[in-house]
Structure formats: structure tokens, C-alpha cells
Amino acid sequence: MKSKTIGIMTTGGDCSGLNTAIHRLVRGAMIRGWRVIGIQDGTDGLCTTPPRIIKFDWDTLPTECARMAGSFLHNGHPGALNFETAATSGRLAHFNRRLKKSLRDLGLDALVLIGGNGSISLAWCNRDIYQDVQLICIPKTIDMDIPLTCRTIGFDTAVQQLTTFCDQLMLTARSHHRWFVVQTMGRDCGQLALHAGVAIGATAILIPEIKFDVNELVSHINKSHQDYGIILVSEGISLRGHSGRPADMISRKLTASGIINRTAYPEHTQRVGDTTANDRILATRMADCALNAIENNETYVMTAINDCECKTVSLSDFFDAGYVSADPNIPDVMTSDAFVAPDDSLLQIARNLGIYIGTEK
Ligand code: F6P
């Protein structure tokens, strides 16, 4: 088989597991006798002359570093040129031409884009840019809001980080007979809060997909046979007539009802932490799947886990499978999202076991 040159790029927010994916891609490519180029700072690295790249060899990213969070290739810097900043500064046409030219100049046969639903949506909407390379996407995000796959790299580590954070808070909560309202990340998707909430045995989990009632929440807490515990609140929830951070809104409501509580914000600690074994295995499976797809001359595909199998799915299905909305910042670009489905079995299990979640919207 002809030797190939492949590029690897990480885009969007970082998460744990990116380095494992890069490491496994590099190893698998080297074994096949391929050349591997890492593109720095996402699309920004393709916009300078010359493009900012790393040529990987066996030692560039040592095995012991592959478990570390963040991206060895970086995800971008303040002021980085990406689809959004190019659109807002009126340079989109120039940016698109630039990406296409750099991919050609680098002599890439394939580009592995490790990104979230925004990056993958953008790649499909601007697919002309990738005409000259095989485009293989690997889904990563702590939000787990990517259509066509039931697992994304970084999610498991984020759930673990939140679990550890809440486990520790629970001890001080117990000591002071009071409650903690903890706000999770996740954008408009409640998967992260739902999974972490089940893991810690939260008293309530509030997520954007499910309608909740503050009076019901208060009465649930009062009947919970405990005077301490954790209310997990996803950052995407809203409360009619209230503004501010969701955890603050809920906290004020609880205080007004006589429930002593504090708020806590794990923030970006959810995106870091040593990559869990599950995320490492997932990243390894997805890297292997991506390399096989390159070998099979596939393009415009994404690696995905469904029914416990890791296989590629076509990006042409990405918009049919998700909830589509217009990108507010980039003309003619749509984004496809996945959410917690109303019949998600974990929702029902949580309810069965006494966790307040609210009622279907
Ligand atoms: O999409 C990943 C994510 O961590 C979200 O959960 C969160 O809302 C957002 O990114 C935070 O972005 P930033 O790092 O730009 O504050």
C-alpha cells in the first residue's frame, strides 16, 4: 500500500483524552509506515505562512504523557483565526481559501479532525475545503451532545471529575447540615449533570431538557430524610423571570424556602484530570477506527460508538440525526446537536431511586 501523510488537528474546547487519541493515531500511523503531521492551534495553525505544524516521530509524544488532559497540539489561542472569528471579522472567504491551500501544500492525504459538534457541523457545511483530503472526524466533548454516537472522548473523565468534586463537598455538607447547589458544564445538554448526579446519588438533578418546578424541588428536599446533600444543576437550565447563573438562581429560591445551602462551581476542572481508563480505551478505539477508515479510502466520516461497536458514520447523516439550529455567528452554517432523550433509561432509573428530576417538557 502507498505510504500516506496524515494530519491531526484538535479544535473547539479541550477535554481529557485528546492526547490519548493523538498518541494512538501517531502510533498506528507509524506502524503502517505513514508520515504524521500535527497542526497547532486548530485551524489557526493552517492560516499562517508557513502553517504551524509538528512532524511526529515515535518519541514526540511519550506514552506517559498520553494520559494528560489538554491537547499537545493546542486548541487555539485568544485571537486565533477560526470559522467564527473569520466570519465576525469579514474574512470568511479568505479563511476558507487559506485552509484549502494549506491542506494541499502540506501534501496531506487525510486529515483527522478531533472536534465537537460545532467543528464537525462546520466541517460538513464547508466540505469543499476538504475536497483534496480524506476527512475523518473523531468526536470529543465533555457535553456529549454530538449526534450519531452514544459516547464522546472526554465525557467519562468529566463525569469522574465532577463525581470526585461532589464526593468531597458531600462531607462538608454533612458536617454543617446544609445543601450544596453545584453547577455543571454541558451547554444545553444535560448528559454530564445526569451521569454525575446518578454517580454521586444527588438529591436532585436539573437539566435543560426536563421541566422542573421549584416548589416540587423544595418539597422533595424537605421530604428527603436528609438535612444535607447535593442538587446538581446543569448550566443550560433557565428559570422564568430570573437571570444570573443557574446555581445562584436555585440557591436563592432554596434560601427563600428556608433551606440552608451554598453554591459550588467546578468550572474548568471538568475538562481536565488524568484521562480515565474508559476514555483512554474509547480514544484508542476511535483512533484505530479512524486509521482503518483512512486505509479504506473513506472520507467525510466520523468515528462513532453505537451498540458497543466503533464504526464510521457518514457526515451526510449528521444533520438528519440531530436537532439543527442556525449558527448565530456564521452565515449559512447550521449546527447539529444531541440532547438527553425523554425516554433515556437513566432518567427513569434516577426517578425510580428517588432523585428529583422534574417532568417531561
Ligand atoms: O463545550 C465544552 C464546554 O466546556 C461547555 O461545557 C462550556 O459551556 C464551555 O465549553 C465553556 O467554554 P469556555 O472554556 O470558552 O469558557
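We count ligands from 1, going down the list as the structure has it; atoms in each ligand are counted the same way.
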- Message: Taking distance alone, with N or O pairs closer than 3.5 Å, would you say Thr141 contacts ligand 1?
- Response: no

Whether Asp128 and Lys100 form a salt bridge (side-chain N of Lys/Arg under 4.0 Å from carboxylate O of Asp/Glu) is what I want to check. no

| With no hydrogens and no angle check, do the side chains of Thr164 and Gln168 hold a donor and an acceptor under 3.5 Å apart? | no

Per-atom filter on ligand 1: closer than 4.0 angstrom to a heavy atom of Gly186 are 6 (O)

Looking only at the aromatic ring of each residue, does the gap between the centers of Phe83 and Phe95 stay below 6.0 angstrom?
yes

Closest to atom 8 (O) of ligand 1 among protein heavy atoms sits Glu235 OE2, 2.5 Å

Partner of Arg98 under side-chain contact (heavy atoms from CB on, under 4.5 Å), picked from Leu81, Thr48, Thr49, is Thr49

Ligand 1 atoms nearer than 4.0 angstrom to some heavy atom of His268 are 13 (P), 14 (O), 16 (O)

Self-check item: Under-4.0 Å protein heavy-atom contact, atom 15 (O) of ligand 1
Solution: no

min-distance protein heavy atom vs atom 9 (C) of ligand 1 -> Arg187 NH2, 3.8 Å

Review point. Between Asp156 and Arg151, is there a salt bridge with N-O shorter than 4.0 Å?
Key: no

Do any nitrogen or oxygen atoms of Ile142 come within less than 3.5 Å of a nitrogen or oxygen of ligand 1? no

Check for a donor-acceptor pair, side chain of Asp145 on one end and backbone N or O of Cys189 on the other, with a separation under 3.5 Å. no

When distances are taken from atom 6 (O) of ligand 1, the protein heavy atom at minimum range is Asp143 OD1, 2.7 Å

Under 4.0 Å between heavy atoms, the region of Arg271 that gets near ligand 1 turns out to be side chain

Considering only NZ, NE, NH1 and NH2 on the basic side and carboxylate oxygens on the acidic side, decide whether Glu235 and Arg187 come within less than 4.0 Å. no

